[in-house]
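Shown next, in structure tokens, is the structure this report addresses.
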Amino acid sequence: MIMARPVRIACIVFCTLVLLYLILPILIIAPMSFSSARFLTFPPPSLSLRWYQEYVGNAAWMQATRVTLTVAALTVVIATPLGVAAAYAISQSRTRIMRAIHIILLLPLVVPVIITAVGIFFIYARVGLVATLSGLVFANVMLALPYVVISVVAGLQSFDATQEMVARSLGMNRLRSFFAVTLPQIKASVTAGAIFAFISAMDETIVALFISGGQYQPLTKRMFTALRDEIDPTIAAISTMMTAVSFMLVLLASTRQRKDG
């Protein structure tokens, strides 16, 4: 008991330092996005909305934003039902084949993204999907699917499956009983999976560098190109907005799960 308190204090200090290290880039980039200076400087000499106005008024940035939001929205529309169906099948079966499918669906989280990006690029080069909107969507669906599967499988594990069996015993088929009984009780997990799929598609950079181009360049690729050509403070403004959107979406997902839990 005497040693417990020093150990607890050491753990708290260590965790605090790790958190500070993780959020330090945000604490630097966010003030820089409000700088009035022509180049990235910290601390900013004075505060201004100049670079946010530059972002909104730039046609190229707006086009990249439309591509990013379109790809993210389509990714959610496709990956969410596919992930829910896969998670339901995985939770209902204990066969080796289904366990293998479960592992395969989670591979995008395990395989290094650069390897995935190279593989996708070579496949797309053969079928003509490089620099296309559909190619971006399909790639992001593959990368976002594991988040939906993990979230929904977790929700199904805490769900009492006998309720669905009762509904089926009263005359409902499997599909109707799922939508009437199961889905309403796991909607928080489905919503969380959809939100993480959206964030994954919005923030994806490596794959976008390989397969996007022309008018179908997302924000992440345009930001990378801008950094290569010129360090523009507009990038700091965009990074701050994307971080804020991701944070709010994660907060929304956690709030929904807490309310439904």
Side-chain heavy atoms nearer than 4.5 Å, only ILVMFWY residues, links allowed to pass through others: does that put [X] and [Y] together?
X	Y	value
I115	L105	yes
V77	I199	no
I103	Y88	no
L27	V18	no
V127	F138	yes

With a 4.5 Å limit on heavy-atom distance, are the side chains of [X] and [Y] in contact?
X	Y	answer
I150	L106	yes
F196	L249	no
T220	F224	no
V148	L82	no
L19	I23	no
M223	W61	yes
E204	V113	yes
W51	I238	no

Rounded to the nearest 0.5 Å, how far apart are [atom1] of [X] and [atom2] of [Y]?
X	Y	atom1	atom2	value
E54	I235	CD	CD1	11.5 Å
L17	L24	CG	CG	11.5 Å
Q157	I90	CD	CD1	10.5 Å
M202	T75	CE	OG1	11.5 Å
S200	I195	OG	CD1	13.5 Å
F210	I114	CZ	CD1	3.5 Å

Restricting to non-hydrogen atoms, name the atom on [X] and the atom on [Y] that form the minimum distance, rounded to 0.1 Å.
X	Y	answer
V149	A86	CG2-CB, 4.3 Å
P108	M142	CG-O, 3.5 Å
A60	N58	N-OD1, 2.9 Å
S189	G155	OG-CA, 3.3 Å
V130	A125	CG2-N, 3.7 Å
L145	A79	CD1-O, 3.4 Å

- Message: For a side-chain contact (heavy atoms from CB on, under 4.5 Å) check, start with the C-alpha distance between T240 and I29, then their side-chain angles and the critical distance, and finish with the verdict.
- Response: CA-CA 7 Å; T240 302; I29 290 295; 3.8 Å; yes
- Message: Can you confirm whether the side chains of Q63 and R66 place a donor and an acceptor under 3.5 Å from each other?
- Response: yes
- Using distance alone, with no hydrogens and no angle criterion, decide if Y124 and T132 have a side-chain donor and acceptor under 3.5 Å apart. no
Expected output: side-chain [X] to main-chain [Y] donor-acceptor under 3.5 Å:
X	Y	result
S151	Y147	no
N140	L136	yes
Q217	G214	yes
S91	L156	no

- Stepwise, does the side-chain contact (heavy atoms from CB on, under 4.5 Å) test hold for V207 with I120? CA-CA 8 Å; V207 173; I120 292 174; 4.3 Å; yes
- Query: So which residues get pulled into V110's cluster when ILVMFWY side chains under 4.5 Å apart are joined, directly or through others?
  - Reply: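 Answer for V110: none, a lone residue.
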- Task: Test F198 against L69 for side-chain contact (heavy atoms from CB on, under 4.5 Å), laying out the working first.
- Result: CA-CA 9 Å; F198 185 91; L69 294 178; 4.2 Å; yes
- Task: Could you list all the ring pair (Phe, Tyr, Trp, His ring centres under 6.0 Å) pairs where at least one residue sits in residues 19-38, not counting sequence neighbours?
- Result: F34-Y52
